[in-house]
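The figures here come from the full heavy-atom set of this structure, side chains too, leaving out hydrogens, waters and symmetry mates. Order of listing sets the numbers, starting from 1, for every ligand and every atom in it.
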Amino acid sequence: MEALIKKLVEAYGPSGDEAPVRSLIEEEIRGAVDRTWTDNLGNLVALREGPEPLLMLSAHMDEIGVVVTHIDEEGFLRLAPVGGVSPHLLVGQRLRFKEGFTGTVYHEKLKSLKELDWSKLYLDIGAVDGASAREKVGIGDAACLDQPFAVCGGRYLGKAMDDRIGCAVLVETARRLSRELPQAVAFVFSVQEEVGLRGATTAAYQLKPGYGLAVDVTRVGDTPKAPLSAVGLGRGPAVKVKDSSVITHPLVRKFMMETAEEKEIPFQLEVLERGGTDAGAIHLSREGVPTGALSIPCRYIHTPSEMVDAGDVRHAVELLTALCLKPWPRQKVLD
Ligand code: CO
Ligand code: ZN
């Protein structure tokens, strides 16, 4: 699975420009499902046919990035964020455009780093003047972080673990489901999550799922002086209780916890005070969809080096596989 994760996290795919990631995933998952298609917004759907209720799994393909807003006569580029990017984290970082060329980010002279905002930041792509810069890039072109994947002890480091690790978990799960399924499963690789859960909104409308599950990263509280959180790396994937976009349907939460217990898969419970996932969009589709989320604990989210635990990833695949193979309740009862 490491080779798949490396391929996915190193791919280029800021929100709205996910095509390179989509073709990679399509190639990887095609043999494991009945059919795949890309919808009007660019979501990739890979369907395993089966009886109702349809289970919609969603992991987002897009990553945070920047977009070019201005090119000056010296050839320096000015930038705006795509998704939740901090200008402080970009200083000294390399950024890569879809065509493959890179540049480095720095800032104008400042009295203190506190003054640093997007207006003080620029990208140097090695152009000698504005005209040569404009030959390579235009206003509106996007770029993503440029960091190689690395194995670091029992952990994985890379840009865009949010949420290519979720994409990798979905692909690996699809590959393990060789036998007949008790219900249809749609593996959705959504677009534009980082700018407001947009792809999952239309994908859920299209698929009319009986149940929804987002697979995404979540914040942890196990680093020095981190904000208080009960989630840590290496203690298993997390069953989401709530975040600011969704309160997990009690039936889904119970079903997930019982399945993990039956299979003796370690898991944690996650209460995220800020942040959302595709589950936020799915559960509000049409007349409402009981939805939950399986989270991969992740350190340093939205930085160039996001860190996840290899064991958590493995256990997430095991739990998701078990959740696809177990018949979901037909009757939606709240208890
Ligand atoms: Co994110
Ligand atoms: Zn995410």
Examine E193 and say whether one of its N/O/S atoms is closer to the Co ion (ligand 1) than 2.8 Å.
no

Could I get the full list of side-chain contact (heavy atoms from CB on, under 4.5 Å) partners for E26, not counting sequence neighbours?
R30, T36, L44

Within 45 degrees of the axis of the six-membered ring of Y205 and under 6.0 Å from its centre: does R286 put its NZ or CZ there?
yes

Given NE2 of H302 on one side and OD2 of D162 on the other, what angle do they make at the Co ion (ligand 1), to 10°?
90°

Got a sec, which pairs hit ring pair (Phe, Tyr, Trp, His ring centres under 6.0 Å) with one end in residues 214-235, sequence neighbours left out?
none

So which of the N, O or S atoms of E194 lies nearest the Co ion (ligand 1)?
OE2

Give a yes/no answer: is there an N/O/S atom of D216 under 2.8 Å from the Zn ion (ligand 2)?
yes

Would you call K159 and E306 a salt bridge, using N to O less than 4.0 angstrom?
no

Taking the Zn ion (ligand 2) as the reference point, name the nearest N/O/S atom of H60.
NE2

Are E318 and R176 close enough for a salt bridge, meaning some N to O gap below 4.0 Å?
no

So does D162 have any N/O/S atom less than 2.8 Å away from the Zn ion (ligand 2)?
yes

